[in-house]
Protein chains: 2
Amino acid sequence: MSTKTSKKKAGLFDDERAGNIYRIAAQMIHEKGFDATSMNAIAEAVDLTKPGLYYYVKGKKELLFAIMSFAMDLLEKEVVQPAKELDRPQDRLRLIVRRHARLLTHESGAVAILIDEVGGLSDAQRDEITERKRAYFDFIRETLEALKAEGELFDVDTTTATFSLLGMVMWICRWYQPGGRMDSDEVVNDVAEIAVRGLVRGSRSPIGAEADTEAANLDLENVLS
Amino acid sequence: MSTKTSKKKAGLFDDERAGNIYRIAAQMIHEKGFDATSMNAIAEAVDLTKPGLYYYVKGKKELLFAIMSFAMDLLEKEVVQPAKELDRPQDRLRLIVRRHARLLTHESGAVAILIDEVGGLSDAQRDEITERKRAYFDFIRETLEALKAEGELFDVDTTTATFSLLGMVMWICRWYQPGGRMDSDEVVNDVAEIAVRGLVRGSRSPIGAEADTEAANLDLENVLS
DNA sequence: ACTTGCTTACCGACCGGTAAGTAATAGCCG
DNA sequence: CGGCTATTACTTACCGGTCGGTAAGCAAGT
């Protein structure tokens, strides 16, 4: 009667194995697309037969939904929550971009899938994910609105600006390869600076900005994540 | 013996009907994804049975390849060629963004598909499309290199910058809806300015820049497309 | 004896694609 | 002009293969 008691001795037990399945499935779906990734292929990749896989997973849609929900959890925990602790909109914006970008460069898998593949969900599942994505979108747009209120935002529509920002950031998972010649930190730095500079009037790179009057309010540790 | 003589009286003859098929198929693939769009569904959408559709197209991959080739043609004709007629890198850059963005807002269809769906092609087809995309990518990166040589580019990696630029622009087709509350011109304007401002040091909006010393070299008609 | 963690064997649905036939038209012959 | 043939533009019927998903059973641990 316990779905979470776990803790047995066999190599990979319940939870651990399930986690492994989600991780690998996320990577495969990210690489080949949801439709092109068969349950058979996923089962093989985790050294199981298809019905063996179905022992851990209720269905293909549920698998995708679980991965996307996990990705949204990650996004909220690693991006939104830390951002809310910063007061200055410009710092918030930079942290959002940097943190989101870093999630995509470090072990992309799940978070990358959020971009595409919503079509693979059932109606109810899609509604839920879409709603969470909308909340994330609104959080960013409100940050831009705050910037606008301070006169720091260039004269652009905040909706267009938010989409542009997100497109640029999320696009990273389409071209960045962790093993390639580019260091992930460089990428995150460059993308963040391009994004912030494109939107914020008096944008200054946080590095070497300590002399600024409001520097006391700027937590480098956080902004640079 | 004629594959192109055409010109008959029946409602939709050879070429015209084929064009219609490609147009509708492009839209469907853009909306639902390549894998999720069956040949049966495409056939129905153009009021045919599946074998009727196969009278006009050789196969699903060939259909996709034809659409993507058409999209690349369009990109080269409407973006690359006009851009090459401008000398100043900053003008080139702005025109590229604006023209590409406009292709996506006006009757997206085919051009939008270039982003995703390369996985649906055969190896040889994918190689060809990838090569053409790489050429387009390089054209933009060289424009940024030229900017860098003039000291006008911010200190960012040109590859990262090119990807960021393209991600931002191509993302448009994921959120912009022609019938929505936003005017396509506004979107194109905003996106172009965000992109250029994020990359170019002394960026000035082309509107109201006539007083500049180099204004003679700036063809507003072209830059604003 | 019972649960856990699987396997072999199999299902109906739908996929891309094709073989074969057909109604309508075009072109040519006398 | 009528009559014949060939081509065009499709259709009905069907193919093998793969998909997501399941029924039933089995080996091992508790």
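Chain naming here is simple, since letters A, B, ... match the order of the sequence lines and numbering starts at 1 in each.
- Listed in residue order, the members of residues 40-51 of chain B having a heavy atom less than 4.0 Å from DNA chain D are B:Leu48, B:Thr49, B:Pro51.
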Report all side-chain donor-acceptor pairs from residues 175-182 of chain B shorter than 3.5 Å, counting only partners two or more places apart or in another chain.
{"from": "B:Tyr176", "atom 1": "OH", "to": "B:Met182", "atom 2": "O", "distance (Å)": "3.3"}
{"from": "B:Tyr176", "atom 1": "OH", "to": "B:Ser184", "atom 2": "N", "distance (Å)": "3.1"}

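- A:Asn40 is linked by a side-chain contact (heavy atoms from CB on, under 4.5 Å) to A:Ser38, A:Lys50, counting only residues two or more places apart in sequence or in another chain.
- Candidate nucleotides D:dG20, C:dC15, C:dC6 were compared by shortest atom distance to the side chain of B:Ser38, and C:dC15 ranks first.
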Residues 58-71 of chain B, side-chain donor-acceptor partners within the protein, below 3.5 Å, at least two apart:
{"from": "B:Lys60", "atom 1": "NZ", "to": "B:Phe34", "atom 2": "O", "distance (Å)": "2.9"}
{"from": "B:Lys60", "atom 1": "NZ", "to": "B:Thr37", "atom 2": "O", "distance (Å)": "3.0"}
{"from": "B:Ser69", "atom 1": "OG", "to": "B:Phe65", "atom 2": "O", "distance (Å)": "2.9"}

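- Regarding A:Lys60, its NZ atom lies at a distance of 8 Å from the C1' atom of D:dC19, rounded to whole Å.
- We find that CE of A:Met39 is positioned 10 Å from P of D:dT22, with the value rounded to whole Å.
- Between the CG atom of A:Asp35 and the C1' atom of C:dG16 there is a distance of 15 Å, given to the nearest Å.
- Applying the salt bridge (Lys or Arg N to Asp or Glu O under 4.0 Å) rule to pairs touching residues 183-198 of chain A yields A:Arg94-A:Glu193, sequence neighbours excluded.
- Applying the 4.0 Å criterion to OP1 and OP2 of D:dT11, one finds that B:Tyr54 has every side-chain N and O outside that range.
- Distance A:Lys32 NZ to D:dT18 P: 13 Å, rounded to the nearest Å.
- Contact check for B:Phe163 versus A:Arg174: no side-chain heavy atoms found under the 4.5 Å cut-off.
- Atoms NZ (B:Lys58) and C1' (C:dG16) sit 17 Å apart, rounded to a whole Å.
- Partners of B:Tyr54 under the ring-ring contact (aromatic ring centres under 6.0 Å, His included) rule, at least two apart in sequence or in another chain, do not exist in this structure.
- Straight-line distance from the CG atom of B:Leu53 to the P atom of C:dG17: 10 Å, rounded to whole Å.
- Rounded to whole Å, the distance from CD1 on A:Ile29 to C1' on D:dG20 is 14 Å.
- The distance between atom OH of A:Tyr55 and atom C1' of C:dC6, rounded to the nearest whole Å, is 8 Å.
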